[in-house]
Every structure is written in structure tokens, then in C-alpha cells.
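In what follows, chains carry the letters A, B, and so on, assigned in the order in which the sequence lines appear, proteins first and then strands, with residues in each chain numbered from 1.
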Number of protein chains: 2
Amino acid sequence: MITLDYADRRPIYEQVIEKMKDLILLGVLETDSQLPSVRELAMDLSINPNTVQRAYAELERQGVIYCVKGRGNFVAGTDGLKDKQKEELKPQLSELVKKAQKADMTEEEFITLVKQFYSEQ
Amino acid sequence: MITLDYADRRPIYEQVIEKMKDLILLGVLETDSQLPSVRELAMDLSINPNTVQRAYAELERQGVIYCVKGRGNFVAGTDGLKDKQKEELKPQLSELVKKAQKADMTEEEFITLVKQFYSEQ
DNA sequence: TAACTGTATTAAGAGTGTTAGTACACTTGA
DNA sequence: TCAAGTGTACTAACACTCTTAATACAGTTA
């Protein structure tokens, strides 16, 4: 279901959060469908259940999933998720533009790169 | 000369690296001009000399400054620095575009944001 | 020579990420 | 009803990184 990248320096729980969001955004996991249990995913990824629990707790805090004690974790409504992701992206793009301006990269250069990366899919 | 942001979660030495590059990119520090000594900057920022040393060592590794034992640290040629910064920016922008695509943000939307942030300076 | 430079080393503390083990409450199906 | 599965909580331990502290040594300069 998910593959971890051990070359990635970010903590495991952050990767799990990101991958789960991706699966939901891609429609692989639909609204109200059940996620693998904490222990099951931990086994699957060969990591500790506590680490999965941390990721799930954060996903719940963000409203991406909801938890029912004794039953499991389920995908929350996906309506707002894409908008949330877009909002999250803005400050990051703002920082990148600042960096570009410091390096004297023109708006045209920047946009050319954007178009290039967009076309790469 | 430099101000640290303690709200920034990044390590201090990374902030020092970034701020020094900014000063060089802005032309405040010219080629071959001397940087504050390790101990002086440490005093100025109220941090440990080892932390400054770590930042300076990394700046030297990146070719941004050069060090002369007993004399001090000096700004290396700034010619390539802007190009380096541009190159560093590309993979970051690529990741951001991927994120945008996952959230169904169109190229047009993305570029509109870029233009907006560019005009904000 | 004294005072400044960079550089290296070791030790300690704080914080974070991860694992391990255990425990408890809830739900479900046989 | 009961066993197995669920989420959740807690403590302890370990590793790693960041930072500080205290020295020490070598080179440069006035």
C-alpha cells in the first residue's frame, strides 16, 4: 500500500502522512473507506505501531481521517482536502520566489521552469 | 550584521549560512572582504563559537567563502554564487509543482501565484 | 611577545524520532 | 459470552542531531 523511502531524511511518520494523503488525493482511498489498522500497517512497513499511531493521530488532527475506537480509522470527506493542500503550498511558493529574487532569477525564468516541470508531469 | 530568528525551527548554523549568503548576494559583503571572526560573531549573536565554526566550514565547503588560518574568513568570488542558488532552487520548485499537481492546481493558477509573489517583492 | 585568527577535540545536556513492552477500553463475530 | 481485533495511552530506552562548554594548538600580525 505504501513504500517508505529511507533515503528521505524526514521522519517516518511524516512520510506516512504524506503517502496517505497522496492515496486519498488520487482516489485510491475513498471517503469512509477503512485504512489499514495501526498494527497491520506497522507490520507491513516493518516499523513500530507507535510510529503509525503518530501519523494517524496527525492525520485525524488535520481532519483527513476520523477514528472510531475499537473499529478503525476511516477516510474523512475529501472535499476540502485539495483546497487545504493548495493553501499549504502558497507560503512555500512564496519562500521559493523570495529565494529566486535573491539570486536575480527573473519572473520569466521562473515561469519557464514552472511550465517545464508541469509538462514533466 | 545578522539577526537570528528563534521562531525558525531550523538549526542556528543553517540560519547563519543562509544569512551570510544573503549578505553576499546583496553585495553587502564583497569579494575578498573579511567576515567577522568566529568568536566575534558568536559573541554578537550570543551563541557558541562552535556553531559559527560549523556554519563557516559549510560555507567554505560550498565555495562561498575561503579561510586563511590565523587571518580569518573571506568572501570568495561571487560570480558563480547566484547560478548555484538558482540550481539549488530547481529541485525544490519541481517538488512544489508535483504537490500542486496532486492537489489539482492548474498551471495557470500556479503561475498566477508566482506573479503575485514576484510583485510583492 | 601578546593578542588576535582558524581549527580540533572531548564532554555534556536538550530535544526529537523510533522502538519495545505493556495495559486498557471498545467493537465485532463466532 | 468470549476471543480477537481495533484505537489509545504510558513508560523506558536508545540513537541521532544540535548546541554549549572548556580546552588546546597552530598560524598571523602589530
Side-chain angles (χ1 to χ4, degrees), chain A residues 1-21 23-24 29 31-76, chain B residues 1-21 23-24 29 31-76:
Chain A
M1 180 167 221
I2 279 185
T3 307
L4 292 178
D5 175 13
Y6 284 98
D8 195 328
R9 283 165 306 176
R10 288 177 309 164
I12 298 175
Y13 78 92
E14 273 189 27
Q15 288 189 52
V16 174
I17 290 171
E18 187 192 24
K19 302 277 188 183
M20 277 300 168
K21 282 185 183 175
L23 290 180
I24 295 171
L29 290 174
T31 300
D32 294 324
S33 66
Q34 185 164 10
L35 275 65
S37 79
V38 170
R39 292 170 178 84
E40 188 187 347
L41 186 57
M43 281 280 289
D44 186 33
L45 299 178
S46 300
I47 61 177
N48 194 281
N50 291 341
T51 307
V52 177
Q53 168 61 17
R54 182 163 182 181
Y56 278 11
E58 177 59 19
L59 284 169
E60 187 187 27
R61 198 196 63 77
Q62 293 181 17
V64 180
I65 66 176
Y66 61 90
C67 306
V68 184
K69 267 185 86 171
R71 292 195 55 214
N73 291 272
F74 303 87
V75 179
Chain B
M1 180 167 220
I2 278 184
T3 306
L4 293 178
D5 176 12
Y6 284 98
D8 196 327
R9 283 164 306 175
R10 290 177 307 166
I12 297 175
Y13 77 93
E14 275 190 26
Q15 288 189 52
V16 173
I17 291 171
E18 187 192 24
K19 301 279 187 182
M20 277 300 169
K21 281 185 181 174
L23 290 179
I24 295 171
L29 290 174
T31 300
D32 293 325
S33 66
Q34 186 164 9
L35 275 66
S37 78
V38 170
R39 292 170 179 83
E40 187 186 347
L41 185 56
M43 281 279 289
D44 185 33
L45 299 178
S46 301
I47 60 177
N48 195 282
N50 290 342
T51 307
V52 176
Q53 168 60 17
R54 182 162 181 182
Y56 278 11
E58 178 59 20
L59 283 169
E60 186 187 28
R61 199 196 62 79
Q62 293 181 16
V64 180
I65 66 176
Y66 61 91
C67 307
V68 185
K69 264 183 87 169
R71 290 194 57 216
N73 291 274
F74 303 87
V75 179

Once you round to the nearest 0.5 Å, how far does [atom1] of [X] lie from [atom2] of [Y]?
X	Y	atom1	atom2	answer
B:I24	B:K19	CD1	NZ	14.5 Å
B:R39	B:D44	CZ	CG	15.5 Å
A:I47	A:L4	CD1	CG	5.5 Å
B:D8	B:E18	CG	CD	7.5 Å

For the pair made of [atom1] in [X] and [atom2] in [N], what is the distance, rounded to whole Å?
X	N	atom1	atom2	answer
A:E58	D:dG7	CD	P	17 Å
B:Y6	C:dG15	OH	P	15 Å
A:Q34	D:dT6	CD	P	8 Å
B:I65	C:dT5	CD1	C1'	13 Å
A:L41	D:dG7	CG	C1'	14 Å
A:M43	C:dT19	CE	P	14 Å
B:F74	D:dT28	CZ	P	12 Å
A:L4	C:dG17	CG	C1'	14 Å

OP1 or OP2 of [N] versus the side-chain N and O atoms of [X]: is any pair under 4.0 Å?
X	N	result
B:S37	C:dT5	yes
A:N73	D:dT6	no
B:T51	D:dT19	no

Tabulate atom names and distances for all N/O pairs under 3.5 angstrom spanning the protein and nucleotides 22-30 of chain C.
unit_1 : atom_1 : unit_2 : atom_2 : d
C:dT28 : OP1    : A:R71  : NE     : 3.2

Identify the pairs formed between an N or O of the protein and an N or O of nucleotides 15-18 of chain D at a distance under 3.5 Å, and give each distance.
unit_1 : atom_1 : unit_2 : atom_2 : d
D:dC18 : OP1    : B:Y13  : OH     : 3.3
D:dC18 : OP2    : B:R54  : NH1    : 3.4
D:dC18 : OP2    : B:R54  : NH2    : 2.6

A:L45: which of A:T3, A:I12, A:I2 passes side chain to side chain contact (heavy atoms under 4.5 Å, CB included): A:I2
First encountered from the 5' end of DNA chain C, between A:P49 and B:E60: B:E60
Any side-chain heavy-atom pair of B:M20 and B:L29 under 4.5 Å: yes
Minimum side-chain heavy-atom gap B:Y66-B:D32 below 4.5 Å: yes
Distance-only criterion, 3.5 Å: show the donor-acceptor pairs between side-chain atoms of residues 51-58 of chain B and protein atoms not counting sequence neighbours.
unit_1 : atom_1 : unit_2 : atom_2 : d
B:Y56  : OH     : B:P36  : O      : 2.8
B:E58  : OE1    : B:R61  : NE     : 3.1
B:E58  : OE2    : B:R61  : NE     : 3.3
B:E58  : OE2    : B:R61  : NH2    : 3.0
B:E58  : OE2    : B:Q62  : NE2    : 2.8

Heavy atoms of other groups near A:M1 CE, more than 12 under 6.0 Å: yes
